Enquirer: 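Below: one structure in structure tokens.
Only a predicted model underlies this, so the values are computations on that prediction, with no experimental measurement involved. First the proteins, then the strands, lettered A, B, ... as listed; each starts at 1.
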Amino acid sequence: MRFSKMFIPTLREAPADAEAVSHVLMLRAGYVRQLAAGLYIFLPLGWRVLDRIDAILKEEMESIGAQEISMPILHPAEIWQQTGRWDTIGGEMFRLKDRNERDFCLGMTHEEIMTWLASKEIRSYRDLPQIWYQIQTKLRDEARPKSGVLRTREFIMKDSYSFDADEEGLERNYQAHAEAYHRIFNRCGLRFMQVESDPGMMGGGYSHEFMAPSPAGEDQVAVCPGCGYSANVELALSVPVKTQDIGLPGEEVHTPDKRTITEVSRFLKLGPEYFIKSVLVMSDNGPALALVRGDQEVHEKKLSIVIGRHRPAQKAEVKEILGVEAGFIGPMGHRNIRIIADTCLKEGTYVSGANRQHYHIKGIKAEQDFTAEWHDIHIAKQGDACVKCGAELLIERVIEIGNIFKLGTKYSAALKAVFLDEHGDERPVIMGSYGIGPARIAAAAIEQRHDKDGIIWPRSIAPFDVELIPLNMNDPGTVETAEQLYRLLAAERLEVLMDDREERAGVKFKDADLIGIPTQVIIGEKNLKNGLIEIKDRTTREAVSVKIEEVVGKVMDLIKTPS
RNA sequence: CGGGGCGUAGCGCAGCCUGGCUAGCGCACCUGCCUUGGGAGCAGGGGGUCGGAGGUUCGAAUCCUCUCGCCCCGACCA
């Protein structure tokens, strides 16, 4: 491909409204353009990258027996109503009506439609297992699109769905996907990890996410360097650093107008880890009191797993329900209210509100002074101990690049996707669903691999294998050599981009580094006089000069080296 | 949805507070000359509903009201 013929609108300056590195570089290097918030156009270079990622996805999906199909993006409402998600999903779903006023939505995901198909076609255990997948556009009216291509309202997703007769089959397909995902992300040159995750509203009880570490990510994971335990902080278990039990004497103390942990802590000259933080929340099943140590925070998701949907109580509600102003709440003496306490409070002696205006109380002990349901409901922090091996946890920011869910029978039961087993009994199909976002792979690759000059693509997903850079297009020798090398490299089935523009050398070098093709072949007049061509590695910036006839061999060597 | 910021040429910005000549600068773009190993130089040139609507005023990019869009933080996130 010739640079002069290809649409590669590079930008010298970054558009002001791009923040994330991948966003800035994709815009500057001419990979994408923004149409509106969360809507992106993929330009020729960007689309080539997605193509190469898709090719890897397809190979690895086919290798575990998945079959590619394609489903509509426009979905009739009835199917989503049958699974209940038409109502449970809020503004995130794009909804519309056809000319006959029939309700439709744009697909945010395809569990419903895949399951509908299974319900029509799968009859017998002999039809199972099946894995169907597609690489298809999804639409979600995101509350806040952000970070360029990382969180958009329209995006392409590789989504696969497994259908099994039993749990063992699901487990096999789940593991097959996990392994395929490892191969995919490795091939795409990403640093990544597999972590336990919250299945959320997908239902089912088991899921993992694949995470690429990057400061641009919006998720956080806790990782144990000791035993390898890793989980999304939404559910990561951890043991907060233990406090010394200083055996506070039980006494009520006057704490006028000291409401927050910080205020009381300062007033009593006692560290926040010696306090119990009591937070009243309103759940669908009434109020509940959540207790964590004073230096910890309640994790809403973790609490949701215990008590379901909830929101913080308002000040007036606290007074009405507990009979005391927020700020002086303690865990003692409440009836008819659920109390959920963080596990770390089982040990130790604490200070808490006295349930009496302007008073706190010292010497509070679990079981002696209050009882509660014990769960890990605090936010895991850097330095907390791993629940499995005790090593210090690390907290890392990550980009979610893929996920795998065990769905069980949630969708098959709702949509009556059933089969007859060996005994002639009708049973719902057991399902799993598995997603990967190709654009996120591309963005994560850029986030993880770039320098001040631009993108550094892994070879596997670069838009081209080699960029040929004839420095002076007015020099007939340069042009002739470039054309010759272009033919030779193309004959090796390499994808070659030749910068044949009438531009000065500096411009070509800058654009080449920006665009990030892993290997640069530079044809300069002076080198050429000595029969030499320069081959430069985008990653290491190492350049070697070789004889013209050795160029192809050297390039092929480079391409075999991992990147 | 709450908080903050920003909309002036393709990109980056100045001008706005304190209204007043033809709305300006850098880069990019076009023509010519020149140049060809890290975003050259000289000369000439094109490009603007100042996001939109309404208002105040003799006069609005500038002041007021409404509105649309984009970005960031938070909430949310199959």
Side-chain angles (χ1 to χ4, degrees), chain A residues 9-20 23-24 27-28 30 33-39 75 80 83-86 88-94 105-114 138-148 150-153 155 157 159 161 197-204 207 209 216 218-219 232 234 300-301 304 309 311-312 400 403 405 407 410-411 433-435 437 452-454 469-475 477-479 499 501-514 520 522-528 532-534 536 541 543 545:
Chain A
T10 60
L11 261 25
R12 185 188 288 225
E13 286 176 280
D17 51 13
E19 188 97 343
H23 189 198
V24 170
L27 287 168
R28 282 196 57 211
R33 285 295 182 262
Q34 184 176 25
L35 173 66
L39 297 175
H75 302 173
W80 285 80
T83 62
R85 286 161 117 192
W86 180 266
T88 55
I89 295 172
E92 211 185 342
M93 181 186 278
F94 282 108
C105 65
L106 301 179
M108 337 181 28
T109 175
H110 281 78
E111 279 77 19
E112 274 77 1
I113 313 304
M114 286 279 180
K138 314 287 178 199
L139 290 116
R140 296 178 191 177
D141 195 357
E142 287 287 347
R144 184 149 101 82
K146 57 188 263 196
S147 306
L150 281 174
R151 186 161 213 88
T152 55
R153 294 191 291 178
F155 59 96
M157 182 162 135
D159 49 326
Y161 303 82
S197 72
D198 175 13
M201 289 177 65
M202 278 308 282
S207 67
E209 287 165 324
E218 37 185 342
D219 284 297
N232 195 310
E234 289 173 359
E300 275 185 50
K301 281 253 168 93
S304 295
R309 205 167 57 170
R311 60 166 176 83
E400 180 186 348
N403 50 36
F405 294 97
L407 299 176
K410 172 172 173 173
Y411 298 91
S433 85
Y434 317 90
K452 66 174 176 30
D453 291 311
I469 310 178
L471 293 181
N472 184 358
M473 291 301 289
N474 293 321
D475 176 51
T478 299
V479 174
D499 193 346
R501 293 174 302 167
E502 299 270 353
E503 287 285 357
R504 298 169 56 84
V507 174
K508 296 190 179 189
F509 284 133
K510 287 290 183 192
D511 275 346
D513 287 348
L514 225 203
Q520 301 172 1
I522 301 157
I523 303 146
E525 247 177 301
K526 285 171 198 136
N527 267 337
L528 205 52
L532 293 176
I533 301 290
E534 185 174 312
K536 189 168 174 182
R541 295 185 169 256
S545 292

Enquirer: Mind checking whether A/Trp80 and A/His75 have parallel, tilted or perpendicular rings, split at 30° and 60°?
Expert: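 Parallel, since the angle between the ring planes stays under 30°.
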Enquirer: So what's B/G59 paired with, Watson-Crick or G-U wobble, going by both distances under 3.5 Å?
Expert: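 Check on B/G59: unpaired, no WC or wobble geometry under 3.5 Å.
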Enquirer: Would you compute the distance between atom OG1 of A/Thr109 and atom CD1 of A/Ile89 and round it to the nearest 0.5 angstrom?
Expert: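 That separation rounds to 8.5 Å.
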Enquirer: Starting from the 5' end of RNA chain B, give me the residue, A/Met157 or A/Lys510, whose nearest nucleotide shows up first.
Expert: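 The residue whose closest nucleotide sits nearer the 5' end is A/Lys510.
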Enquirer: Check if the side chain of A/Glu525 and the base of B/G37 share a donor-acceptor pair of N or O atoms closer than 3.5 Å.
Expert: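 No.
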Enquirer: Considering only atom P, compute the distance from B/G26 to B/U22 and round it to an integer number of Å.
Expert: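 Comparing P positions in B/G26 and B/U22 gives a spacing of 22 Å.
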Enquirer: Taking a pair as Watson-Crick or G-U wobble with both distances under 3.5 Å, which nucleotide is matched to B/C6?
Expert: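 Because both required distances fall under 3.5 Å, B/C6 counts as paired with B/G69.
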Enquirer: Side chain of A/Glu13, heavy atoms from C-beta onward: which of B/G37, B/G39, B/G26 has the nearest atom to it?
Expert: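 Among the listed nucleotides, the one closest to the side chain of A/Glu13 is B/G26.
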Enquirer: Could you check how far NZ of A/Lys508 sits from C1' of B/G38, rounded to whole Å?
Expert: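 My rounded result for the distance is 13 Å.
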Enquirer: Does B/G32 pair with anything, Watson-Crick or G-U wobble, both distances under 3.5 Å, and if so, with which nucleotide?
Expert: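 By the stated definition (distances under 3.5 Å), B/C42 pairs with B/G32.
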Enquirer: A/Lys146 NZ to B/C72 P: how many Å, rounded?
Expert: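 Taking NZ of A/Lys146 and P of B/C72, I get 8 Å after rounding.
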Enquirer: Between B/C16 and B/A53, how far apart are the P atoms? Round to whole Å, please.
Expert: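 The answer is 24 Å between these two P atoms.
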Enquirer: Strictly by Watson-Crick or wobble contacts shorter than 3.5 Å, is anything paired with B/U49, and which nucleotide is it?
Expert: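 Pairing partner, where one exists within any strand: none, as none qualifies.
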Enquirer: Walk me through it: do A/Ser545 and A/Asn527 pass the test side-chain contact (heavy atoms from CB on, under 4.5 Å)?
Expert: CA-CA 8 Å; A/Ser545 292; A/Asn527 267 337; 4.1 Å; yes
Enquirer: Which is it for A/Leu528 and A/Thr478 under the side-chain contact (heavy atoms from CB on, under 4.5 Å) test, yes or no, and what are the steps along the way?
Expert: CA-CA 7 Å; A/Leu528 205 52; A/Thr478 299; 4.0 Å; yes
Enquirer: Do A/Lys508 and A/Ile522 come close enough that some side-chain heavy atom pair is under 4.5 Å?
Expert: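 No, too far: nothing below the 4.5 Å cut-off.
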Enquirer: Under 4.0 angstrom, heavy atoms only, what part of the nucleic acid is A/Thr478 near: base, sugar-phosphate, or nothing?
Expert: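 Counting heavy atoms under 4.0 Å across all strands, no contact is made by A/Thr478.
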Enquirer: Please determine, for B/C25, whether a Watson-Crick or G-U wobble partner exists with both distances under 3.5 Å, and give it or none.
Expert: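 Across any shown strand, B/C25 pairs with B/G12.
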Enquirer: Distance check needed: B/G74 P versus A/Glu142 CD, whole Å only.
Expert: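 Atom-to-atom, A/Glu142 to B/G74, this comes out as 15 Å.
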Enquirer: Select base, sugar-phosphate, or nothing to describe what A/Arg28 touches, counting heavy atoms under 4.0 Å on all strands.
Expert: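 Base contact.
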Enquirer: Which part of the nucleic acid does A/Ala143 contact within heavy-atom distance under 4.0 Å: base, sugar-phosphate only, or nothing?
Expert: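 Base, at least one base heavy atom under 4.0 Å.
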Enquirer: Any base atoms under 4.0 Å from A/Glu218, or only sugar-phosphate, or nothing? Heavy atoms, all strands.
Expert: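 Touches nothing.
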Enquirer: At 4.0 Å (heavy atoms only), tell me whether A/Asn472 reaches a base, stays on the sugar-phosphate, or touches nothing.
Expert: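 Base contact - A/Asn472 has a heavy atom under 4.0 Å of at least one base atom.
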Enquirer: Using the C1' atom on both, measure B/U18 against B/G3 and round to a whole Å.
Expert: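 After rounding to an integer number of Å, I get 30 Å for this pair.
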Enquirer: Please pick, from B/C76, B/G37, B/G74, the nucleotide with the shortest atom-to-atom distance to any side-chain atom of A/Ala505.
Expert: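 Closest nucleotide among those given: B/G37.
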Enquirer: Once you round it to whole Å, what is the distance between P of B/C13 and CG of A/Leu11?
Expert: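 Result: 12 Å.
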Enquirer: What distance, rounded to whole Å, do you find between the two C1' atoms, one in B/A61 and one in B/G51?
Expert: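 Straight-line distance between the two C1' atoms is 12 Å.
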Enquirer: Quick one: is A/Arg12 getting a side-chain N or O under 4.0 Å of the B/A28 phosphate, OP1 or OP2?
Expert: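 A/Arg12 to B/A28 OP1/OP2: side-chain N or O found under 4.0 Å.
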Enquirer: Quick check: do A/Thr152 and A/Glu142 have side-chain heavy atoms less than 4.5 Å from each other?
Expert: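 No, their side chains stay 4.5 Å or more apart.
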Enquirer: Using the rule given for salt bridge (Lys or Arg N to Asp or Glu O under 4.0 Å), can you reason through A/Glu111 versus A/Lys410, listing the C-alpha separation, both sets of side-chain angles and the distance that settles it, and then say yes or no?
Expert: CA-CA 10 Å; A/Glu111 279 77 19; A/Lys410 172 172 173 173; over 6 Å; no
Enquirer: What interatomic distance, in whole Å, is found between P of B/A14 and the corresponding atom of B/C6?
Expert: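 10 Å, rounded to whole Å.
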Enquirer: Whether the side chain of A/Glu503 and the base of B/G38 hold a donor-acceptor pair under 3.5 Å is what I'd like checked.
Expert: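 Answer no: no donor N or O sits under 3.5 Å from an acceptor.
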Enquirer: Any idea which heavy atoms bring A/Glu525 and A/Asn472 closest together, and the distance?
Expert: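 Closest pair (atom of A/Glu525, atom of A/Asn472, distance): OE1-ND2, 3.1 Å.
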Enquirer: Whether A/Glu218 and A/Lys146 form a salt bridge (side-chain N of Lys/Arg under 4.0 Å from carboxylate O of Asp/Glu) is what I want to check.
Expert: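 Salt bridge flag = yes for A/Glu218 with A/Lys146.
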Enquirer: Over all strands shown, is A/Asp475 touching base, sugar-phosphate only, or nothing at heavy-atom distances under 4.0 angstrom?
Expert: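 Result for A/Asp475 = nothing.
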Enquirer: Could you measure between the two C1' atoms, the one in B/G44 and the one in B/U49, and give it in whole Å?
Expert: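 Pairwise C1' distance, B/G44 against B/U49, rounds to 29 Å.
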Enquirer: Could you state the CD-C1' distance from A/Gln34 to B/C11, rounded to the nearest angstrom?
Expert: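 Atom-to-atom, A/Gln34 to B/C11, this comes out as 15 Å.
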Enquirer: Say we look at B/G7 and B/G12: how far apart would their C1' atoms be, to the nearest angstrom?
Expert: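 It comes out at 14 Å once rounded to the nearest Å.
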Enquirer: Quick check: do A/Pro9 and A/Arg33 have side-chain heavy atoms less than 4.5 Å from each other?
Expert: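 Side chain of A/Pro9 against side chain of A/Arg33, heavy atoms only: contact under 4.5 Å found.
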Enquirer: Of the candidate nucleotides B/G37, B/C13, B/G39, which contains the atom at the shortest distance from the side chain of A/Asn527?
Expert: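 For A/Asn527, the side-chain atoms sit closest to B/G37.
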Enquirer: Does the side chain of A/Phe509 come within less than 4.5 Å of A/Asp453's, by heavy atoms?
Expert: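 They are not in side-chain contact.
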Enquirer: Could you tell me whether A/Glu112 contacts a base, only the sugar-phosphate backbone, or nothing, with contacts defined as non-hydrogen atoms closer than 4.0 Å?
Expert: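 It contacts nothing in the nucleic acid.
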Enquirer: For nucleotides 42-48 of chain B, list the nitrogen or oxygen atoms of the protein found under 3.5 Å from its nitrogen or oxygen atoms, one pair per line.
Expert:
none

Enquirer: Could you give the CG-to-C1' distance, from A/Leu150 to B/C71, as a whole number of Å?
Expert: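 Rounded to the whole Å, the gap is 15 Å.
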Enquirer: Given B/G38, B/G37, B/C77, which nucleotide is nearest the side-chain atoms of A/Lys301?
Expert: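 For the A/Lys301 side chain, the nearest candidate turns out to be B/C77.
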Enquirer: Tell me which nucleotide among B/C77, B/C71, B/G37 gets nearest to the side chain of A/Glu92.
Expert: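 Given the options B/C77, B/C71, B/G37, the side chain of A/Glu92 is closest to B/C77.
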Enquirer: If you look at every strand shown and take non-hydrogen atoms under 4.0 Å, does A/Ala14 touch a base, only sugar-phosphate, or nothing?
Expert: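 Since only primed, P, OP1 and OP2 atoms lie under 4.0 Å of A/Ala14, the category is sugar-phosphate.
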Enquirer: Choosing from B/A75, B/G12, B/G39, which nucleotide comes nearest the side chain of A/Ala16?
Expert: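 For the A/Ala16 side chain, the nearest candidate turns out to be B/G12.
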Enquirer: Just how far, in rounded Å, is C1' of B/C72 from CZ of A/Arg151?
Expert: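 Roughly 16 Å, once rounded to whole Å.
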Enquirer: A/Glu300 or A/Leu35: which one's nearest nucleotide on RNA chain B is closer to the 5' end?
Expert: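 Mapping each residue to its closest nucleotide by heavy atoms, the 5'-most match is A/Leu35.
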Enquirer: Roughly how far apart, to the nearest Å, are B/G20 and B/C27 at atom C1'?
Expert: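 The answer is 31 Å between these two C1' atoms.
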Enquirer: How long is the line joining CZ of A/Arg504 and C1' of B/C27, in whole Å?
Expert: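 So the CZ-C1' distance, A/Arg504 to B/C27, works out to 16 Å.
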Enquirer: Once hydrogens and angles are ignored, does a donor-acceptor distance under 3.5 Å link the base of B/G38 to the side chain of A/Lys536?
Expert: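 Such a pair exists between side chain and base.
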